[in-house]
Amino acid sequence: MCGIVGYIGHRDAAGLLLNGLRRLEYRGYDSAGIAVLNGGLKMFKQKGSVDELRRSLHDAGNPLNGATIGIGHTRWATHGDPSDRNAHPHVSSDGRIALIHNGIIENYPAIKKELISKGVHFSSDTDSEVLVHLIESIWSDNPGMALEAAVRSALYHVEGAYGLCVISEREPDSIVVARKGSPLVIGIGEGEYYIASDAAPIVEHTKKVVYLADGEMAVVTRNDGFAIKTIENIAREKHVSELEFELAEIEKGGFEHFMLKEIFEQPKVLQDVMRGRVRLDEGQVRLGGIEDYLDRLKLSSRVIICACGTSWHAGLIGEYLIEEFARIPVEVDYASEFRYRNPVITRDDVVIVISQSGETADTLAALRLAREKGALVMGICNVVGSTIARETLCGIYTHAGPEVGVASTKAFTAQVTVLYLLALTLGKGRTMSRNELKLYLKELNGIPEKVERILKQNDLILEIAKNYKDAGNFLYLGRGYNFPVALEGALKLKEISYIHAEGYPAAEMKHGPIALIDQDMPVIFIATRDNSYAKVLSNIEEVRSRKGKVIAIANHGDDEIGRLADHVIYIPPASAPVTPLLSVIPLQLLSYHIATLRGCNVDRPRNLAKSVTVE
Ligand code: F6R
């Protein structure tokens, strides 16, 4: 959701904060602002991007320069439209306290009402602003109190989620931060400290970080470092972690967009997922993060997969894989539905939560519910050290590297690869011999090179995209393992190009969606040669006879489909369980090109945020 940065040290804070906000912009990008302490509190904020903020600051003569402490925020609107007044930081009535907040204060109407009755004037429509006025009000009633105590006291009144930073003229050498539900990381430099919603703005300065846990606060000071306590004021000893990625991984590396770079990274990502885990010659898979729980995992009576969005699509493929390879029944649920429908969960169940960011609010809530009910909860996460990664009993990292483009691409294929390895691991010795396992691993091992070959067709896919950039709707159809791929293709297109798109199991078409087919309806068929191939061909005929335009994803050597479809994108043949790793690639590229041809900002699509830390 929103991005938070803070800095205290000996360098120019404003420049560092702007740079940090740029790296966090994928979390939210409707407005941005900075507050610094330099003699007094100075603040600058406005609607628009971080670059626009940088330009405005420059045009105004860089009024924030020279400070060595400050906080910055990039917003994804929840309460109040994107506007100058709703941008963060929010400042107290006396202009001496500034606050930035990520999350939602659920009981803000009641707090606001009470503050208004005391004469407080509000300058925004946000829920966040209540916090700064509440802190001011507590502080003015208790003038001797430290800022930390005033923030703590304010947080006692608050229901909801927050990651927040507060600075004040009255304590010009400290930043108070707190977390409940929205992530915060502290970076430890040489005589300087960084605070951020995630490690992206920190990694270029230091690799040493401390992750705040839910319910923790920290006071970060210029001379005395930082002290972490719970919100209930109990001191906490924290482990200093080492960041495992490099700055280059979060830069564009010559590509026009992060999304394109991340699509092209996939051959390497898939190798990274397998590295150190797959021993081809021995037919062995070693998943260190679940080793201690393997027996229990294999004995589970049911697997429930919970996730959101693209991760949920990966979960659907996981269902097919685990049922096929391990013969354990699997259910896949939207985390947001699972958490509220009083699900039946037993101690014999395994709940797998899948999340790229490891911070998605609904997925985290599903995890906590499953844990409460006694299920074994396992995570599949990309962001190392994320909340979901830390709260699950065991798990597997996807090792896709930082994913900056808002539309998920490489994280998806990494998740599917992890699920493939997991399914094989669960199946080994249960339903699958070592020789079978070897064959499946060999097949997987050949996938990165096949992805590479598909990526070489980028120019052809661009040409196809030109024909459809003005379409108003799209249908995506696939069966079996390609059904979740159809859903993912449709999601990719709608989120970055704003074209309406639906994914369906191909056979469902005649139960309703066929009514939509006419000459203006492009239909994407994923028609690889598997056991439903002939049936998908019949579906293509049905669309053609109603004059729909057909774009097919088919296997090399399939001449028949060339006669039926308007356009064909060929992918190398592969067995059905690994096919999603191939068939999704042209769909990612097609969405990318259609969106860029329409002039859309693919890395930062409207209304979206990379990490959905609110419900
Ligand atoms: C789509 C997309 C979202 C996320 C969803 C879950 O491209 O990025 O649908 O997949 O918000 O996010 P994570 O995986 O971080 O839990």
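One-based numbering, in listed order, for ligands and for the atoms of each. These values consider heavy atoms only, across backbone and side chains, with no hydrogens, waters or symmetry-generated copies.
Ion pairing between E251 and R23 holds under the 4.0 Å rule for side-chain N and carboxylate O. Salt bridge K410/E403: absent, no basic N to carboxylate O contact under 4.0 Å. D214 and R179 are joined by a salt bridge, as a carboxylate oxygen and a charged side-chain nitrogen come within less than 4.0 angstrom of each other. A salt bridge links K466 with E463; the closest basic N to acidic carboxylate O contact falls under 4.0 Å. Salt bridge annotation for R302-E331: present, with a cationic side-chain nitrogen under 4.0 angstrom from a carboxylate oxygen.
Separation of the Y468 and H567 ring centroids falls under the 6.0 Å cut-off. Separation of the Y108 and H79 ring centroids falls under the 6.0 Å cut-off.
Not a single heavy atom of H313 sits closer than 4.0 Å to an atom of ligand 1.
In E359, neither the side chain nor the backbone holds a heavy atom less than 4.0 Å from any atom of ligand 1.
With ligand atoms numbered from 1 in the order given, ligand 1 contributes 13 (P), 14 (O), 15 (O), 16 (O) to contacts under 4.0 Å with heavy atoms of S355. Residue contact check: S408 has heavy atoms under 4.0 Å from atoms 7 (O), 8 (O) of ligand 1. The contact set between ligand 1 and A407, taken as ligand atoms under 4.0 Å from a residue heavy atom, comprises 7 (O). Those atoms of ligand 1 with a heavy atom of S311 less than 4.0 angstrom away are 10 (O), 13 (P), 14 (O). Close contacts of ligand 1 with K492, meaning ligand atoms under 4.0 Å from a residue heavy atom, involve 1 (C), 7 (O). Every atom of ligand 1 with a heavy atom of G309 under 4.0 Å away is listed here by number and element: 9 (O), 10 (O). With ligand atoms numbered from 1 in the order given, ligand 1 contributes 13 (P), 14 (O), 15 (O), 16 (O) to contacts under 4.0 Å with heavy atoms of Q356.
For atom 8 (O) of ligand 1, the nearest protein heavy atom (residue, atom name, distance) is V406 O, 3.3 Å. The protein heavy-atom contact nearest to atom 15 (O) of ligand 1 is S357 OG, 2.7 Å. For atom 3 (C) of ligand 1, the closest non-hydrogen atom of the protein is T310 N, 4.1 Å. What sits closest to atom 6 (C) of ligand 1 on the protein, heavy atoms only, is C308 O, 3.3 Å. Closest to atom 11 (O) of ligand 1 among all protein heavy atoms lies V612 CG2, 4.0 Å. The protein heavy-atom contact nearest to atom 16 (O) of ligand 1 is T360 OG1, 2.4 Å. Of the protein's heavy atoms, E495 OE2, 2.6 Å lies nearest to atom 7 (O) of ligand 1.
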Name each donor-acceptor pair under 3.5 Å that joins a side chain in residues 371-379 to protein atoms two or more places apart or in another chain, with its distance.
unit_1	atom_1	unit_2	atom_2	d
R371	NH1	E391	O	3.1

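On a distance-only criterion, T363 and ligand 1 share no N/O pair closer than 3.5 Å.
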### Message
Using the rule given for ring-ring contact (aromatic ring centres under 6.0 Å, His included), can you reason through Y504 versus Y476, listing the C-alpha separation, both sets of side-chain angles and the distance that settles it, and then say yes or no?
### Response
CA-CA 6 Å; Y504 269 92; Y476 285 70; over 10 Å; no
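Within the 3.5 Å criterion, the main-chain N or O of V350 finds no donor-acceptor partner in the side chain of S300.
For T425, the side-chain contact (heavy atoms from CB on, under 4.5 Å) criterion is met by V285, L287, L294, not counting sequence neighbours.
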